[in-house]
Amino acid sequence: MAGTVSAAVPAAKRNSPSSPAAAEKPWVKWTFISLAGLVLLWLIVLPLITVMSEALKKGWDVYIAALSDPDALSALQLTLLVAAIAVPLNSMFGVIAAWTITKFRFKGKNLLITLLDLPFAVSPVIGGLIFVLIFGRQGWFGPWLESHGIKIIFAVPGIVLATLFVTFPFVAKELIPLMEDQGTKEEEAAVTLGAKGWQIFWRVTLPNIKWGLLYGIILCNARAMGEFGAVSVVSGHIRGETNTLPLHVEILYNEYQFSASFAVASLLLLLAIVTLLLKNWFTRKNDH
């Protein structure tokens, strides 16, 4: 009887859902892999191929002419300028917010964490509209700003503010889980050895989060360069002055300059590919 029971137990284990014998059939696995591959092909790969093919449809001369157009160069310059302002500011904010949330206990901590998710919950268009209602000519501070000759909406400062709003969570959201996993033991040990606040940050905290910080900066930069909704509301679409690359693509497409619009879009595509390559490289570095 005991032999029968002992023989039955391995049989039950072999037939249990967690055993390899009860795993999904190979055709099921490959069916799901194929479906996922088809979705990626349809939603990502084919659009990318379409952008490049349409950009080069009329030849390299038209492609180069579209990219060297003064309005396109102005849009590229403005896009890089806005990213150069927004990304460092949001990086500093992200480090401070993550350090504060993970290393200290204080009232309002949960509220701060909740506010970090605000740009993900609010439409970028609504975010841009909020800035118009605050800094526009008919907004709360509009009359005062106009009387002092300060222009925010339909100018570069408004574009920077809108970009800051939509990108400020990226670095913080990347660092908070990382710093929570690391805990505070190393910082506490540094305190016992006599280290001060900035010494602890530069020599203990920052080296431990450097790859996660760079990863968050890359994501923040990608969103800053590709943002459309919030920037569209506050920019005014002034060609050569307040148009970023995404806005310039829209204007060219609406004017039926399809080859030029796809050429400029391909520039954003190349920037996105570089961003993804850097993202994967930093991810591997972080894993090691």
Side-chain angles (χ1 to χ4, degrees), residues 43-44 46-90 119 123-132 135-136 151-168 170 218-278:
L43 295 179
I44 298 178
L46 288 180
L48 298 184
I49 295 175
T50 301
V51 169
M52 294 305 301
S53 62
E54 290 292 332
L56 300 172
K57 188 175 183 179
K58 294 185 178 180
W60 283 99
D61 292 339
V62 175
Y63 182 81
I64 298 300
L67 295 183
S68 59
D69 180 74
D71 290 338
L73 293 176
S74 175
L76 175 61
Q77 182 179 4
L78 180 58
T79 300
L80 296 177
L81 173 64
V82 172
I85 297 173
V87 173
L89 290 176
N90 278 333
S123 169
V125 175
I126 301 301
L129 181 60
I130 291 173
F131 287 114
V132 172
F135 301 109
K151 192 172 183 180
I152 293 181
I153 302 302
F154 306 151
V156 175
I159 297 174
V160 173
L161 285 175
T163 305
L164 283 170
F165 173 78
V166 299
T167 58
F168 82 81
F170 284 91
I218 289 173
L219 294 179
C220 181
N221 182 69
R223 180 63 188 275
M225 291 190 299
E227 174 55 30
F228 178 84
V231 171
S232 178
V233 175
V234 302
S235 71
H237 296 267
I238 304 173
R239 183 174 295 199
E241 295 184 19
T242 63
N243 274 342
T244 58
L245 282 178
L247 300 183
H248 188 60
V249 171
E250 181 199 27
I251 287 178
L252 292 175
Y253 192 85
N254 290 337
E255 292 178 348
Y256 302 103
Q257 300 182 48
F258 299 123
S259 296
S261 66
F262 280 108
V264 178
S266 70
L267 183 59
L268 284 171
L269 174 60
L270 293 176
L271 292 174
I273 292 174
V274 172
T275 299
L276 288 176
L277 292 176
L278 290 173

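All values reported here derive from a predicted model rather than from experimental measurement.
- Of all heavy-atom pairs spanning Val231 and Ile159, the tightest one is CG1-CG2, 3.9 Å.
- Listed by first and then second residue, the side chain to side chain donor-acceptor pair (under 3.5 Å) pairs involving residues 230-253 are Ser232-His237, Arg239-Glu255 (not counting sequence neighbours).
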Let me have the donor-acceptor pairs involving side chains of residues 261-274, under 3.5 Å, with sequence neighbours excluded, atom names and distances please.
unit_1: Ser261; atom_1: OG; unit_2: Gln257; atom_2: O; d: 3.4
unit_1: Ser261; atom_1: OG; unit_2: Phe258; atom_2: O; d: 2.7
unit_1: Ser266; atom_1: OG; unit_2: Tyr63; atom_2: OH; d: 2.8
unit_1: Ser266; atom_1: OG; unit_2: Ala263; atom_2: O; d: 2.4

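- Of the inter-residue distances, the one linking Ile218 atom CD1 with Leu277 atom CG reads 10.0 Å to the nearest 0.5 angstrom.
- The line from CD1 of Ile44 to CD1 of Ile49 is 12.0 Å long, rounded to the nearest 0.5 Å.
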Show me the donor-acceptor pairs, under 3.5 Å and distance only, between side chains in residues 221-229 and residues at least two apart or in other chains.
unit_1: Arg223; atom_1: NE; unit_2: Glu227; atom_2: OE1; d: 2.9
unit_1: Arg223; atom_1: NH2; unit_2: Glu227; atom_2: OE1; d: 3.0
unit_1: Glu227; atom_1: OE2; unit_2: Gly229; atom_2: N; d: 3.1
unit_1: Glu227; atom_1: OE2; unit_2: Ala230; atom_2: N; d: 2.9

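- Partners of Lys58 according to the side chain to side chain contact (heavy atoms under 4.5 Å, CB included) rule, which considers only residues two or more places apart in sequence or in another chain, are Val62, Ser259.
- Other residues, nucleotides and ligands contribute more than 12 heavy atoms inside 6.0 Å of the CG atom of Asn254.
- Contact between Phe168 and Phe165 at its shortest, heavy atoms only, is CD2-O, 3.1 Å.
- The shortest distance between side-chain heavy atoms of Val87 and Thr167 does not fall below 4.5 Å.
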Show me the donor-acceptor pairs within less than 3.5 Å that the side chains of residues 70-86 make with the rest of the protein, sequence neighbours left out.
unit_1: Ser74; atom_1: OG; unit_2: Gly240; atom_2: O; d: 2.8
unit_1: Thr79; atom_1: OG1; unit_2: Ala75; atom_2: O; d: 2.7
unit_1: Thr79; atom_1: OG1; unit_2: Leu245; atom_2: N; d: 2.9

message: What verdict does the side-chain contact (heavy atoms from CB on, under 4.5 Å) test give for Val234 and Phe135, after you've listed the backbone C-alpha separation in whole Å, the side-chain angles of each residue and the deciding distance to 0.1 Å?
response: CA-CA 10 Å; Val234 302; Phe135 301 109; over 6 Å; no
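- Listed by first then second residue, pairs satisfying side chain to side chain donor-acceptor pair (under 3.5 Å) with a partner in residues 151-161 number zero, not counting sequence neighbours.
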